[in-house]
K.L.:
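Have a look at this one.
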2 protein chains.
Amino acid sequence: MATTDALTPERILEATEEVLRRHGPAKATVVDVARALGVSHGSVYRHFRTKTALREAVTQRWLDRTSTSLSGVVAGSEPPETRLRRWLAELFAAKRRKVGDDPELFATYMVLVGESSAVVNRHRADLVGQLARIIHEGLERGDFAPADASPEALARAVFDATGRFHDPAYAREWGDPGIDAEFAALVDLVLRGLRAP
Amino acid sequence: MATTDALTPERILEATEEVLRRHGPAKATVVDVARALGVSHGSVYRHFRTKTALREAVTQRWLDRTSTSLSGVVAGSEPPETRLRRWLAELFAAKRRKVGDDPELFATYMVLVGESSAVVNRHRADLVGQLARIIHEGLERGDFAPADASPEALARAVFDATGRFHDPAYAREWGDPGIDAEFAALVDLVLRGLRAP
DNA sequence: CAGATGACAGATTTCAATTTTTGTCATCTG
DNA sequence: CAGATGACAAAAATTGAAATCTGTCATCTG
């Protein structure tokens, strides 16, 4: 079978994701991954130097799926304010979906957050960069007030301000009643802060 | 000795705080507290039904010291915007001081946060209430724009938005370089959102 | 008799022995 | 000879027995 024969990083990531889904981050071992692929664990180590690197690669792929989907909103043609609202709403929705659909992968992600892994930092920087692009456009068009802060600093502030609705540390609260109203109130406040008078 | 003779809740709390400071939340036992007081652990249980109740009482007292100090800012005579800025800055400063000066009590507090204890919820409600009073006054005076949200909802939004600078989950980042600039940027954004055009 | 005590049962934690896992590498194989 | 293998040492996790801790309560004491 030519398609499944070669042991590629891609195939290993696929198998690792599956193993993580089944066993969770605490129980999943490299030997499990090797077994799922029908190879020895030594072969897995040929492609990923450590177990940590493997976990990070899986998480990165998983997080990138969110970034990619959000970048569609950034590239949209609606006015910046609308895109910013949609972007924040979609980020919140995506995170909620991730907890609900993939609790084990979400737990893996939270392990990396706890270790403040480079992967998580890159993901955050990615998202803040997307925000900065929307805000930059809003400033240029005059929709947003030219505050004395740079688009990057504003983006960071918006990201921080909405942390309760995307930081995994708060995942437990995402099912609370009233959470949507609180999200709406916060987004309104932040957007009033950005908007030109 | 009349002053130290009676076994009062107050004396127990004092001793518990000391034991927690020395051993941390993981190692401190009720027997340690009793030993520090020179009584049997049964006597401690006469005043606090469980070890959890004792931990919560200590934490509550500790958190109340912050609330009380902040309520001075709420009662001040400066314009609401100034008080809001000061209140947020003092909350951030107080939390930083707490981590630095009392790491073990801070760790105890974080245990309760993890258990979403009633004490922590009361503390949060307390703080949001203080914010709401400042915001209410600002709305009445016309300094803040009468958004379609209630002072309480606005207060909650402000509290959530500034979480990175008071939620203990972020304590690790409070020493990062640039944190003060990020705090300032976020406060500016939030205050622009509140301010009347 | 109000309040303290400490023996006690059950729950939890600790610690050391054992097992499993990680990561390396000399060897093998197609 | 590129890539896979599995034996191996060191590190980490698991296990189960022993020790400690929590919470109760019958008893004691000033």
Side-chain angles (χ1 to χ4, degrees), chain A residues 1-59 104 107-108 110-112 114-115 117-119, chain B residues 1-59 104 107-108 110-112 114-115 117-119:
Chain A
M1 273 175 249
T3 51
T4 56
D5 243 23
L7 185 59
T8 62
E10 187 59 24
R11 275 189 65 214
I12 296 176
L13 290 179
E14 210 72 64
T16 307
E17 201 171 303
E18 195 47 37
V19 168
L20 279 169
R21 248 192 270 272
R22 227 188 280 293
H23 299 89
K27 295 280 188 178
T29 74
V30 177
V31 175
D32 289 335
V33 173
R35 193 178 7 249
L37 288 161
V39 300
S40 74
H41 73 281
S43 300
V44 174
Y45 277 100
R46 175 166 301 282
H47 294 272
F48 294 92
R49 263 218 277 345
T50 64
K51 183 187 185 178
T52 300
L54 185 53
R55 252 197 331 210
E56 291 187 337
V58 168
T59 306
E104 300 295 8
T108 306
M110 288 189 71
V111 169
L112 297 190
E115 293 164 351
S117 141
V119 166
Chain B
M1 275 174 247
T3 51
T4 54
D5 242 26
L7 185 60
T8 61
E10 187 58 24
R11 277 189 65 216
I12 296 176
L13 290 179
E14 210 73 63
T16 306
E17 201 171 303
E18 196 45 37
V19 168
L20 279 169
R21 247 192 270 273
R22 227 187 282 292
H23 299 91
K27 295 281 189 174
T29 73
V30 176
V31 175
D32 289 335
V33 173
R35 192 176 9 249
L37 287 162
V39 299
S40 74
H41 73 282
S43 299
V44 173
Y45 277 101
R46 176 166 300 283
H47 295 272
F48 294 93
R49 263 220 269 3
T50 65
K51 183 185 186 179
T52 300
L54 186 53
R55 252 197 331 211
E56 291 187 337
V58 168
T59 306
E104 301 294 8
T108 306
M110 288 189 70
V111 169
L112 298 190
E115 294 165 349
S117 140
V119 166

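What you are looking at is a predicted structure, and each value in this text was computed from that prediction instead of being measured. Throughout, a chain's letter reflects where its sequence line sits, starting with A, and its residues are numbered from 1.
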K.L.:
Which pair of heavy atoms, one from Glu104(B) and one from Gly24(B), lies closest together, and at what distance?
P.N.:
OE1-CA, 3.3 Å

K.L.:
Report, as a single string ordered 5' to 3', how protein heavy atoms within less than 4.0 Å touch nucleotides 11-19 of chain D: B base, S sugar-phosphate only, - not at all.
P.N.:
---S-----

K.L.:
What distance separates Thr16(A) OG1 from Arg11(A) CZ, expressed to the nearest 0.5 Å?
P.N.:
11.0 Å

K.L.:
Is there a side-chain contact (heavy atoms from CB on, under 4.5 Å) between Leu54(B) and Val44(B)? Walk through the geometry before answering.
P.N.:
CA-CA 9 Å; Leu54(B) 186 53; Val44(B) 173; 4.2 Å; yes

K.L.:
What stem regions, each of at least 3 consecutive Watson-Crick or G-U pairs below 3.5 Å, can be found for DNA chain D?
P.N.:
C:1-30 with D:1-30

K.L.:
Take atom CG of Leu37(A) and atom P of dT5(D), then tell me their distance rounded to the nearest Å.
P.N.:
10 Å

K.L.:
Of the non-hydrogen atoms in Phe48(B) and Ala57(B), which two are nearest, and what is the gap between them?
P.N.:
CE2-CB, 3.8 Å

K.L.:
Please list all pairs meeting salt bridge (Lys or Arg N to Asp or Glu O under 4.0 Å) that have one or both residues in residues 44-56 of chain B, counting only residues at least two apart or in different chains.
P.N.:
Arg55(B)-Glu115(B)

K.L.:
For DNA chain C, determine which residues of residues 38-53 of chain B have any heavy atom closer than 4.0 angstrom to one of its atoms, and list them numerically.
P.N.:
Val39(B), Ser40(B), His41(B), Gly42(B), Ser43(B), Arg46(B)

K.L.:
Nearest heavy-atom pair of Tyr45(B) and Thr50(B): which atoms, and what distance?
P.N.:
CE2-CA, 4.1 Å

K.L.:
Please collect all salt bridge (Lys or Arg N to Asp or Glu O under 4.0 Å) contacts where either partner lies in residues 26-44 of chain A, sequence neighbours excluded, each pair once.
P.N.:
Asp32(A)-Arg35(A)

K.L.:
Arg35(A) CZ to dT22(C) P: how many Å, rounded?
P.N.:
11 Å

K.L.:
Can you check whether Thr29(B)'s main-chain N or O pairs, donor with acceptor, with His41(B)'s side chain at less than 3.5 Å?
P.N.:
no

K.L.:
For Leu7(A) and Val39(A), run side-chain contact (heavy atoms from CB on, under 4.5 Å): C-alpha distance rounded to whole Å, both residues' side-chain angles, the deciding distance at 0.1 Å, then the answer.
P.N.:
CA-CA 9 Å; Leu7(A) 185 59; Val39(A) 300; 4.3 Å; yes

K.L.:
Partners of Glu18(A) by salt bridge (charged side-chain N to carboxylate O under 4.0 Å, His left out), sequence neighbours excluded?
P.N.:
Arg21(A), Arg22(A)

K.L.:
Return the value, rounded to whole Å, for the distance between atom CG of Asp32(B) and atom P of dT22(D).
P.N.:
8 Å

